[in-house]
Participant: 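Pasting a structure here, questions to come.
Worth saying up front: this structure is predicted, and the values here are computed from it rather than measured.
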Amino acid sequence: MEKRESGNHAIDQNAGQSIMPRRNTGNLNYLNVDMQVANPSEAAALFDLHQAHHFGEFEHSSELHCKQDLFPKWHLPMKIASVISLLTFIYTSMRDVIYPFITRKENVFYKIPILVINKVLPVTSITLLALVYLPGILAAGFQLYFGTKYKRFPQWLDRWMSSRKQFGLLSFFFATLHACYSLCYPMRRSYRYKLLNWAFQQVKQKKENAWIEHDVWRMEIYVSLGILGLALLALLAITSIPSVSHSLTWREFHYIQSKMGYLALLLCTVHALVFAWNKWVDANQFIWKRHLQPLFHYAEWRPWHMSQTETVYSCLECTQLGKQNYRDLYKVNIS
């Protein structure tokens with residue numbers, strides 16, 4: 001019986017040893033090689049210290065993460081985008097919803113979820129896209145004013161220029177939402193009712209063909225320019241991804257972000273101009289004693305003035321470059 005008990009006790013000890021957690025011998029060997037420790041006991045002590053240090057980091061990582069800012073580079077672009085969206089939404093609601101309700105007692109609040117929002121999105125998108133390239137123009141003017149490119153920019157301009165990537169991505173986001181909302185137009189129940197009303201009026205007026213040539217051309221050009229502008233914005237967004245931008249040379253990246261970016265801004269501007277068509281001179285578009293102008297008036301003046309300023313700066317840069325080349329050539333001829 002004693003032998004059996006001693007045998008069982010030995011089995012229990014072996015089982016206890018098998019249950020006890022074993023050290024990761026692979027990690028221990030790696031640590032021994034890395035630290036170049038000859039004594040196994042010293043290597044085991046260093047391994048325990050290493051494990052305890054990492055577990056301590058894991059326990060306090062949540063506290064450290066709570067102290068970190070969440071998306072610090074996105075604070076300024078998100079605030080500006082929110083302010084622009086809110087102001088545009090209020091202005092559009094006053095024109096398209098509140099004004100008909102006050103003047104004609106017409107309830108058109110159903111326009112807010114789709115029609116009003118879809119007018120806010122493109123205005124916000126083209127404004128943010130203009131804010132991407134506006135600091136570059138201001139920086140060029142700053143350099144031309146001081147006559148040197150080595151003077152440090154002001155802090156507000158430097159912060160603005162470092163946030164251009166975020167402004168561009170937000171512009172692409174709003175442009176994509178604008179395209180999705182526009183595709184949803186035929187799905188609305190209000191659009192179907194209006195379509196039935198248009199068909200009934202056409203039958204009542206005994207019109208066999210409701211084709212309007214200039215309106216057809218306007219929509220074809222308008223949609224085509226919108227697709228091209230969105231495609232270029234998608235290209236700019238893709239090349240801003242670090243893995244893609246690192247695979248490009250500086251010249252390629254600068255060409256895409258600069259030349260293609262200005263082309264995208266130009267296409268979006270012309271897209272809005274074609275959408276307006278003849279509404280620029282329509283007096284009915286100016287309501288409430290002409291204090292509330294059409295929304296595209298406010299959306300167009302920023303890119304339009306930016307393109308004019310960029311043209312002037314390009315001419316000045318070419319003039320300065322021509323003068324510098326002339327001076328260098330004059331010095332060479334004298335020497």
Participant: Counting C-beta onward and ignoring hydrogens, is there a side-chain heavy-atom pair between Trp217 and Ile221 closer than 4.5 Å?
Facilitator: yes

Participant: Given the rule in the side chain to side chain donor-acceptor pair (under 3.5 Å) test, do Trp211 and Glu213 qualify, once you have shown the distances and angles that lead to the verdict?
Facilitator: CA-CA 6 Å; Trp211 184 276; Glu213 188 71 21; 2.8 Å; yes

Participant: State, to 0.1 Å, how close Pro186 and Tyr191 come at their nearest heavy-atom pair, and which atoms those are.
Facilitator: CA-CD2, 3.7 Å

Participant: Side-chain heavy atoms under 4.5 angstrom apart, residues restricted to Ile, Leu, Val, Met, Phe, Trp, Tyr: same cluster for Trp250 and Ile238?
Facilitator: no

Participant: Can you tell if the side chain of Gln166 reaches within under 4.5 Å of the side chain of Phe71, non-hydrogen atoms only?
Facilitator: no

Participant: Under 4.5 Å between any side-chain heavy atoms of Ser162 and Lys73, yes or no?
Facilitator: no

Participant: Is it the case that the side chain of His178 and the backbone of Leu121 share a donor-acceptor pair, with hydrogens and angles ignored and the cut-off at 3.5 Å?
Facilitator: no

Participant: I'd like to know whether Tyr262 forms a side chain to side chain contact (heavy atoms under 4.5 Å, CB included) with Ser258, so could you lay out the CA-CA distance, the side-chain angles of the two residues, the decisive distance to 0.1 Å, and finally the verdict.
Facilitator: CA-CA 6 Å; Tyr262 277 108; Ser258 179; 4.2 Å; yes

Participant: Any heavy-atom pair between the side chains of Ile98 and Thr103 that's under 4.5 Å?
Facilitator: no

Participant: For the CH2 atom of Trp198 and the NZ atom of Lys194, what is their distance to the nearest 0.5 Å?
Facilitator: 6.5 Å

Participant: Do Ser224 side-chain atoms and Glu220 backbone N/O form a donor-acceptor pair below 3.5 Å?
Facilitator: no

Participant: Run through Phe146, Trp160, Phe142 and flag the one making a ring-ring contact (aromatic ring centres under 6.0 Å, His included) with Phe153.
Facilitator: Phe142

Participant: Can you name the nearest heavy-atom pair linking Phe167 to Ile80, along with the distance?
Facilitator: CZ-CD1, 3.6 Å

Participant: Can you give me the closest heavy-atom contact between Val120 and Phe89, atom names plus distance?
Facilitator: CG2-CA, 3.5 Å

Participant: I need the Leu134 CG to Met161 CE distance, nearest 0.5 Å.
Facilitator: 10.5 Å

Participant: Have a look at Lys119 and tell me which of Thr88, Thr124, Asp96 forms a side-chain hydrogen bond (donor to acceptor under 3.5 Å, both in side chains) with it.
Facilitator: Asp96

Participant: Out of curiosity, Leu265 CG to Leu236 CG, how far, rounded to the nearest 0.5 Å?
Facilitator: 10.5 Å

Participant: Decide whether a cation-pi geometry holds between Arg188 and Tyr185; the criteria are a distance under 6.0 Å from NZ or CZ to the six-membered ring centre and an angle within 45° of the ring axis.
Facilitator: yes

Participant: Is any side-chain heavy atom of Gln155 closer than 4.5 Å to one of Asp158?
Facilitator: no

Participant: Quick check for you: to the nearest 0.5 Å, what is the distance between Leu170 atom CG and Phe174 atom CZ?
Facilitator: 6.5 Å

Participant: Before you tell me yes or no, could you show the steps for Leu230 and Ile227 under side chain to side chain contact (heavy atoms under 4.5 Å, CB included), namely the whole-Å CA-CA distance, both residues' side-chain angles and the distance that decides it to 0.1 Å?
Facilitator: CA-CA 5 Å; Leu230 183 61; Ile227 293 173; 5.9 Å; no

Participant: To the closest 0.5 Å, what do you measure between NE2 (His254) and OG1 (Thr249)?
Facilitator: 11.5 Å

Participant: Hey, are the side chains of Ile114 and Tyr181 touching, using non-hydrogen atoms and a 4.5 Å cut-off?
Facilitator: yes

Participant: Considering only heavy atoms from C-beta outward, does the side chain of Ile90 approach that of Met94 to under 4.5 Å?
Facilitator: yes

Participant: For Val83, which fellow cluster members are found when Ile, Leu, Val, Met, Phe, Trp and Tyr are connected by side-chain heavy-atom distances below 4.5 angstrom, either directly or through intermediates?
Facilitator: Leu87

